[in-house]
Protein chains: 2
Amino acid sequence: MAEREVDRSISQTVKAQLALRDQILSGSLRPGERISELQAVETTGASRTPVRMALVRLEEEGLLEGIPSGGFMVKAFSERDISDSIELRGTLEGLAARFAAERGVSARELEPLKECLGAIDELLRQVPISVDAFSSYVTLNARFHAVLTELSRSPPLIRQIDRASALPFASPSGFVMAQSALPEAQQILIIGQEHHRVVIDAIENREGARAEAIMREHARLAVRNLRLALRNRTHLDLLPALALIKTATD
Amino acid sequence: MAEREVDRSISQTVKAQLALRDQILSGSLRPGERISELQAVETTGASRTPVRMALVRLEEEGLLEGIPSGGFMVKAFSERDISDSIELRGTLEGLAARFAAERGVSARELEPLKECLGAIDELLRQVPISVDAFSSYVTLNARFHAVLTELSRSPPLIRQIDRASALPFASPSGFVMAQSALPEAQQILIIGQEHHRVVIDAIENREGARAEAIMREHARLAVRNLRLALRNRTHLDLLPALALIKTATD
DNA sequence: TGTATTCGTTATGTATACAATAGCGGGGAG
DNA sequence: CTCCCCGCTATTGTATACATAACGAATACA
């Protein structure tokens with residue numbers, strides 16, 4: 001009992017899944033590269049069975065791809081894959097916003113959303129925005145999107161949105177990070193915040209179509225800016241997940 | 001070597017996954033019921049490791065739910081879950097149609113779609129439609145939706161649509177089957193076919209918004225009719241997947 | 001010298017053994 | 001008679017052993 005040190009608070013499968021996902025997203029594992037189970041066993045500390053379960057989950061998540069002859073490889077994404085994923089999530093979030101608006105949301109339920117809005121307003125007051133403030137923004141923005149998604153009260157939809165967010169840069173924090181290096185970053189943040197304001201207003205007034213439209217526009221903005229940011233890669237080489245994007249233009 | 005008869009043409013994992021999915025969808029396993037691994041091993045013929053991989057995949061598919069204390073249970077769906085799933089898929093297919101329209105599709109690529117259209121036209125000519133013809137319709141309709149999805153040329157989107165179709169009644173064939181018992185079945189099929197015709201026209205003329213709108217309307221029609229069909233359950237008790245729907249109104 | 005075939009090694013798919021936990025039933029006490 | 005506690009059993013999570021298939025290298029033959 002002194003020899004084996006096992007953390008019983010978390011399953012080996014989850015541990016392996018987290019570790020491997022981190023390795024993929026951090027670029028330790030190159031896209032197209034075959035993942036060695038044995039190597040994964042060594043780096044994660046779990047044994048083969050939990051590692052395999054983690055690999056299956058990561059494949060379903062979309063980060064890995066099964067190889068016909070056996071095993072898994074890290075998936076590579078084209079720039080279009082990324083922008084499609086963002087638009088996809090925007091469409092889904094639009095549906096969520098519409099559901100929230102049509103089905104009605106109490107003032108109390110809307111409160112967390114307004115809190116995020118106010119907190120971000122506070123952050124955006126400083127020009128230019130500090131690094132710390134930007135970090136807070138990323139958190140608050142992610143929270144805003146998560147809460148909005150929940151307001152749809154539709155488990156299948158929430159589930160799909162979560163899935164769509166699993167791809168690199170497709171999560172609310174993911175693409176904001178990518179845009180941080182742009183000179184127009186602050187303006188983008190301000191516009192995005194305006195979108196947030198409008199969607200709350202639309203939900204409050206039960207304007208489903210308007211709520212949906214603004215969320216889709218929100219995603220369009222993100223797509224446009226991500227494209228822009230990817231043009232000057234020099235500014236954001238620090239982002240590890242960038243390694244997952246195929247450089248060759250299709 | 002003579003003793004053990006193993007089919008090498010298909011992996012045990014896939015075999016177990018297919019068998020278990022069939023058991024779930026056919027109602028052999030009741031929703032809320034904990035799935036016994038041992039029992040699954042017996043019914044599928046695979047050993048525990050492949051069975052567990054299959055269970056993980058089915059959980060990711062949305063048919064199973066992990067139990068915190070361990071193991072999996074069959075998920076139960078509310079009527080709203082189902083209709084939301086259909087609308088969800090409709091939204092996704094709308095996006096696919098828009099992508100196809102905006103990005104352009106050659107006449108050659110549109111051919112399979114038109115073939116389905118023509119074949120279905122042929123089927124719908126007979127009144128009332130025969131059981132055989134209806135069965136053909138289900139196949140052709142599924143093919144139409146699959147081809148349309150492919151025309152988006154967006155792997156992430158295609159993937160998501162496939163995922164959304166995994167839930168009971170959310171697939172193109174699934175909800176059509178459910179509606180078959182309705183007296184208005186033939187009219188519904190005719191209207192649906194008109195939708196198909198319009199989406200092809202919209203894609204040909206590169207009218208993205210119109211293509212998207214009609215696919216969403218298509219889903220709305222499906223939702224409405226599924227609701228209707230579920231009202232008179234007596235007509236369609238033959239559908240096994242029905243067991244997965246919670247009877248209690250939320 | 002190039003190509004093809006064979007052998008060996010390695011990694012994956014599968015099966016099973018082991019360990020730990022959660023649920024359940026029985027027994028005892030209040 | 002009821003409630004609580006203890007122990008047992010059954011099932012899951014984990015580890016590992018075994019078999020098989022694929023990939024690579026080396027050698028032999030053309």
Side-chain angles (χ1 to χ4, degrees), chain A residues 1-21 23-24 28-61 63-75, chain B residues 1-21 23-24 28-61 63-75:
Chain A
M1 210 182 286
E3 293 287 303
R4 307 283 296 281
E5 206 71 24
V6 180
D7 183 4
R8 307 202 177 293
S9 66
I10 193 168
S11 81
Q12 296 298 95
T13 302
V14 173
K15 197 177 84 177
Q17 189 178 358
L18 292 174
L20 286 173
R21 176 161 39 204
Q23 287 181 34
I24 296 167
S28 301
L29 298 166
R30 296 262 155 215
E33 191 176 343
R34 189 197 201 105
I35 285 197
S36 160
E37 268 188 21
L38 194 61
Q39 190 179 330
V41 164
E42 285 168 6
T43 60
T44 63
S47 95
R48 277 190 67 205
T49 306
V51 162
R52 282 180 70 78
M53 307 241 307
L55 290 174
V56 168
R57 287 204 142 93
L58 289 168
E59 183 197 11
E60 299 291 328
E61 245 176 65
L63 258 36
L64 295 181
E65 199 174 349
I67 302 174
S69 67
F72 300 90
M73 55 178 272
V74 181
K75 216 168 178 175
Chain B
M1 210 181 287
E3 292 287 304
R4 307 285 294 282
E5 206 71 23
V6 180
D7 183 3
R8 309 205 176 291
S9 67
I10 192 168
S11 81
Q12 296 297 96
T13 302
V14 172
K15 197 177 82 176
Q17 189 178 357
L18 292 174
L20 287 172
R21 178 162 37 205
Q23 288 182 33
I24 296 168
S28 302
L29 299 165
R30 296 262 155 214
E33 191 176 342
R34 189 198 200 102
I35 286 197
S36 160
E37 269 187 25
L38 193 60
Q39 191 179 330
V41 164
E42 285 168 6
T43 59
T44 64
S47 95
R48 277 191 66 207
T49 306
V51 162
R52 283 181 70 78
M53 308 242 306
L55 290 174
V56 169
R57 286 205 143 93
L58 289 168
E59 183 197 10
E60 300 290 329
E61 245 176 63
L63 258 37
L64 295 180
E65 196 174 350
I67 302 174
S69 68
F72 300 91
M73 55 177 271
V74 180
K75 217 167 178 174

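In what follows, every chain begins at residue 1, and chains take the letters A, B, ... in the order their sequences are listed.
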Trainee: Can you tell me how far P of dA21(D) sits from CD1 of I67(A), to the nearest Å?
Mentor: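 The answer, rounded to whole Å, is 18 Å.
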Trainee: In Å and rounded to the nearest 0.5 Å, what is the OG1 to CD distance from T49(B) to E37(B)?
Mentor: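 T49(B) OG1 to E37(B) CD: 9.0 Å, rounded to 0.5 Å.
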Trainee: If you look at every heavy atom in A16(B) and P50(B), which pair is closest and at what distance?
Mentor: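 Nearest pair, atom of A16(B) first, then P50(B): CB-O, 4.4 Å.
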Trainee: What is the separation between atom CG on L38(B) and atom P on dG13(D), rounded to the nearest whole Å?
Mentor: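 After rounding, the gap between these two atoms is 14 Å.
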Trainee: Does any N or O donor sit under 3.5 Å from an N or O acceptor when you compare the side chain of T49(A) with the base of dT16(D)?
Mentor: yes
Trainee: Just how far, in rounded Å, is C1' of dC23(D) from CE of M73(A)?
Mentor: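 Checked: the CE to C1' distance equals 17 Å.
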Trainee: Can you measure E33(A) atom CD to dA11(C) atom C1' for me and round it to whole angstrom units?
Mentor: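 In whole Å, dA11(C) C1' lies 15 Å from E33(A) CD.
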Trainee: Classify the side chain of R34(B) and the base of dG23(C) as holding, or not holding, a donor-acceptor pair under 3.5 Å.
Mentor: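 Answer is no: no donor-acceptor pair is held.
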Trainee: Taking CZ from R48(A) and C1' from dA17(D), how many angstroms apart are they, rounded to a whole number?
Mentor: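 Roughly 10 Å, once rounded to whole Å.
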Trainee: DNA chain D: S69(A) or G45(A), which has the more 5' nearest nucleotide?
Mentor: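 Result of the comparison: G45(A).
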Trainee: Can you check whether T13(B) has a side-chain N or O nearer than 4.0 Å to OP1 or OP2 of dT14(C)?
Mentor: yes
Trainee: Once you apply a heavy-atom cut-off of 4.0 Å, does L55(B) come out as touching a base, just sugar-phosphate, or nothing?
Mentor: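 Contact class for L55(B): none.
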Trainee: Nearest to the side chain of E37(A), heavy atoms from C-beta on, is which of dT12(C), dA17(C), dT11(D)?
Mentor: dT12(C)
Trainee: Starting from P on dA19(C), measure out to CD on Q12(A) and report it in whole angstrom.
Mentor: 16 Å
Trainee: Applying side chain to side chain contact (heavy atoms under 4.5 Å, CB included) to I24(A) and L64(A), what does each step give before you reach the verdict?
Mentor: CA-CA 9 Å; I24(A) 296 167; L64(A) 295 181; 3.7 Å; yes
Trainee: What's the closest nucleotide to the side chain of S47(B) if the choices are dA15(D), dG13(D), dT14(C)?
Mentor: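 Of all the options, the side chain of S47(B) is nearest to dT14(C).
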Trainee: Give a yes or no answer on whether the side chain of R57(B) reaches the backbone of V14(B) with a donor-acceptor pair at less than 3.5 Å.
Mentor: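 Answer holds: no.
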Trainee: Return the minimal non-hydrogen interatomic distance between K75(A) and P31(A), and the atom names on each side.
Mentor: O-CB, 3.8 Å
Trainee: I need the CZ-C1' distance between F72(B) and dG13(D), as an integer number of Å.
Mentor: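 From F72(B) CZ to dG13(D) C1': 11 Å.
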Trainee: Just how far, in rounded Å, is P of dT12(D) from CD1 of I35(B)?
Mentor: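 So the two atoms are 10 Å apart, to the nearest Å.
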Trainee: Starting the side chain at C-beta, find the nucleotide from dA15(D), dT11(D), dG13(C) nearest to R52(A).
Mentor: dG13(C)
